[in-house]
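One structure below.
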Amino acid sequence: METDREGMTVNKIKVAVVGGGTGGLCLAHGLARAGVEVAVYERSRTRTERLQGYRVHIAPMGSAALHECLPAEAWERFLATTGESKGVFGFVTEQMRELAVLDAPPSGDPAAAHHSASRISMHQVLSSGLDDVLWHGKEFVRYETGPKGVGLHFADGTTAEADLVVGADGANSRVRAQLLPHAKRADTGIRTVIGKFPLNAESVRQLPERLATAPTYVLPPAGSGMFTAPHEFPAASANDESAALDPVLFDNTGSYVMWSYGAKAGLFPGDLAELAAPALRSLMLERIRGWHPAFSRLVRDSPDGTVSMLPIRTSVPVREWEPGPVTLLGDAVHSMTPFRGIGANIALRDAQVLCRNLSRGGDVTAAVADYERQMRKYAYPQVRGSLRSAGQFVTESRFSRRAMRASMTVLGAGLSLRRKLRG
């Protein structure tokens with residue numbers, strides 16, 4: 001028995017986290033702060049081997065989890081790398097006609113606020129300060145349970161032991177495949193092409209203010225959808241060479257507008273998965289021909305290295321399972337489509353809830369069972385909701401799209417009137 005940072009008695013256990021992504025690293029920080037022995041096993045060989053990703057929206061739920069789990073220094077570094085918020089979320093037509101603007105009141109408390117984060121920068125923040133916890137080059141192969149705990153086996157022939165294994169190894173989780181072999185992921189039939197348009201003093205003047213400053217949901221007549229969102233670093237612009245000296249940012253020092261175009265697979269060429277960036281860009285320019293020219297500029301001027309295709313898949317919620325010394329977190333158990341922008345936040349909430357339960361001491365299985373019960377209750381509705389949003393995003397029904405645009409126009413008028421009355 002030992003005591004945690006608040007003087008409470010806790011059981012001395014060892015937790016092994018498989019996967020060094022957003023949720024797994026957040027959990028590791030929280031457990032380390034609580035005095036729980038934890039080790040993270042990540043298959044990448046170095047911190048910088050897989051610097052990838054785009055902008056991610058951190059909602060108040062995710063902010064609260066990060067604030068609770070991270071040490072003060074890491075929390076401040078996270079805030080320092082979040083983007084500046086100059087505009088508010090809006091819906092527009094493909095001709096940039098505004099339908100609605102959702103101006104949620106800002107929060108004065110960063111731990112209860114919305115943040116624009118670069119996945120790359122956030123990963124570097126979360127993976128710092130874990131020198132004695134985070135182990136790279138550890139590709140998980142399988143686990144085996146026994147009377148003394150769980151044994152982990154890695155591709156390099158090494159092993160590790162723990163009292164609890166947390167599978168945080170993403171949508172293609174090997175831990176889930178062994179723990180819940182019946183849990184499936186489904187192809188939604190939607191494909192997205194994404195890219196990054198660099199923002200600097202010159203390029204920002206080439207865009208409408210809305211695209212350069214605020215997240216924007218584009219509703220064309222039918223069959224597809226587009227989402228754009230800026231990420232502007234407060235302390236560094238794309239032309240600020242001194243930003244390269246900050247090790248937490250690595251090569252992700254430039255501000256940008258992230259864009260994502262989605263449609264059903266049948267509307268794309270059959271060889272979409274084999275297309276290189278230039279061909280993807282040409283395809284996108286053809287698909288949005290006739291839209292407001294600003295959208296073509298976003299696509300045309302995005303560097304090859306930022307343009308790629310992603311198939312959209314979703315997990316299929318499963319019924320309650322028997323809790324034990326192995327559990328799951330984040331995309332490993334509830335991967336969802338990106339159309340609600342909530343997946344990373346649910347993973348952070350997982351880390352917060354599981355960390356709280358384990359930090360209290362007591363029976364580990366009971367702590368895991370309670371976490372899994374809560375997780376299924378708040379995560380699976382989001383999985384289903386994000387799938388519905390995906391269908392709305394790419395609906396081929398002109399009637400449905402007209403109804404959606406009309407409802408957004410009515411909503412926008414109501415919100416505009418409310419703003420005038422407040423003023």
Side-chain angles (χ1 to χ4, degrees), residues 15-28 30-31 38 40-43 56 59 61-62 65-66 69 119 126 139-143 145 150 152 162-188 311-358 364-390:
V15 178
V17 179
V18 177
T22 300
L25 292 175
C26 182
L27 174 64
L31 291 177
V38 59
V40 180
Y41 300 101
E42 165 58 37
R43 66 177 180 175
V56 59
M61 175 201 310
L66 287 168
C69 292
R119 286 187 183 273
L126 291 175
E139 180 183 351
F140 172 81
V141 176
R142 62 182 176 87
Y143 68 81
T145 58
V150 187
L152 296 92
D163 300 294
L164 174 66
V165 171
V166 180
D169 49 340
N172 297 313
S173 170
R174 291 183 179 179
V175 179
R176 182 192 68 241
Q178 184 174 350
L179 178 66
L180 303 175
H182 58 288
K184 306 300 181 183
R185 295 183 71 229
D187 186 347
T188 65
I312 303 301
R313 298 184 173 91
T314 182
S315 60
V316 178
V318 297
R319 293 183 178 180
E320 181 177 354
W321 57 89
E322 185 70 24
V326 180
T327 191
L328 301 166
L329 177 153
D331 283 351
V333 62
H334 50 61
S335 65
M336 58 192 75
T337 80
F339 295 100
R340 280 195 172 183
I342 198 68
N345 295 281
I346 299 296
L348 290 170
R349 185 173 181 181
D350 290 350
Q352 180 185 38
V353 173
L354 183 55
C355 182
R356 283 180 180 175
N357 283 11
L358 295 175
V364 174
T365 301
V368 168
D370 180 71
Y371 154 71
E372 292 175 347
R373 178 189 60 78
Q374 292 189 58
M375 178 268 293
R376 284 188 291 266
K377 187 175 182 179
Y378 62 69
Y380 282 163
Q382 294 293 343
V383 172
R384 298 184 182 98
S386 71
L387 183 58
R388 288 193 298 271
S389 295

Which atoms form the tightest heavy-atom contact between F140 and V175, and what is the distance? CE2-CG2, 3.7 Å
So L328 and L180, do their side chains get closer than 4.5 Å, heavy atoms only? yes
Rounded distance (nearest 0.5 Å) linking atom CD of Q382 with atom NE2 of H334: 10.0 Å
Test side-chain contact (heavy atoms from CB on, under 4.5 Å) on M61 and Q352 and set out the steps. CA-CA 10 Å; M61 175 201 310; Q352 180 185 38; 5.8 Å; no
Between atom CG of L348 and atom CG of L66, what is the distance when rounded to the nearest 0.5 Å? 4.5 Å
Is it true that a side-chain atom of S386 and a backbone atom of R340 form a donor plus acceptor pair closer than 3.5 Å? no
So I312 and F339, do their side chains get closer than 4.5 Å, heavy atoms only? yes
Taking the side chain from Q178 and the backbone from Y143, do they hold a donor-acceptor pair closer than 3.5 Å? yes
Kindly compute the distance separating CD (Q374) from CG (D350), expressed to the nearest 0.5 Å. 10.0 Å
Mind running side-chain contact (heavy atoms from CB on, under 4.5 Å) on V364 and L358 for me, showing each step along the way? CA-CA 7 Å; V364 174; L358 295 175; 4.3 Å; yes
G341 to N345 - nearest heavy-atom pair and separation: O-ND2, 3.5 Å
D370 side, atom CG; T365 side, atom OG1 - distance, nearest 0.5 Å: 12.5 Å
Minimum heavy-atom distance V326-L164, with the two atoms named: N-CD1, 4.1 Å
How close do G324 and V368 get, counting heavy atoms only, and between which atoms? O-CG1, 3.9 Å
Which atom of G24 lies closest to which atom of A168, heavy atoms considered: CA-CB, 3.9 Å
Could you walk me through whether M375 and I346 satisfy the side-chain contact (heavy atoms from CB on, under 4.5 Å) test, starting with their C-alpha distance in whole Å, then the side-chain angles of each, then the deciding distance to 0.1 Å, before giving a yes or no? CA-CA 9 Å; M375 178 268 293; I346 299 296; 6.0 Å; no
Within-4.5 Å side-chain heavy-atom neighbours: L354 and V166: yes
When every non-hydrogen atom of E42 is compared with those of G19, the smallest separation belongs to OE1-C, 3.8 Å
Rounded to the nearest 0.5 Å, the CZ atom of R176 sits from the CG atom of D331 at a distance of 9.0 Å
Between K184 and R313, is any pair of side-chain heavy atoms under 4.5 Å apart? no
Out of curiosity, N357 CG to E372 CD, how far, rounded to the nearest 0.5 Å? 10.5 Å
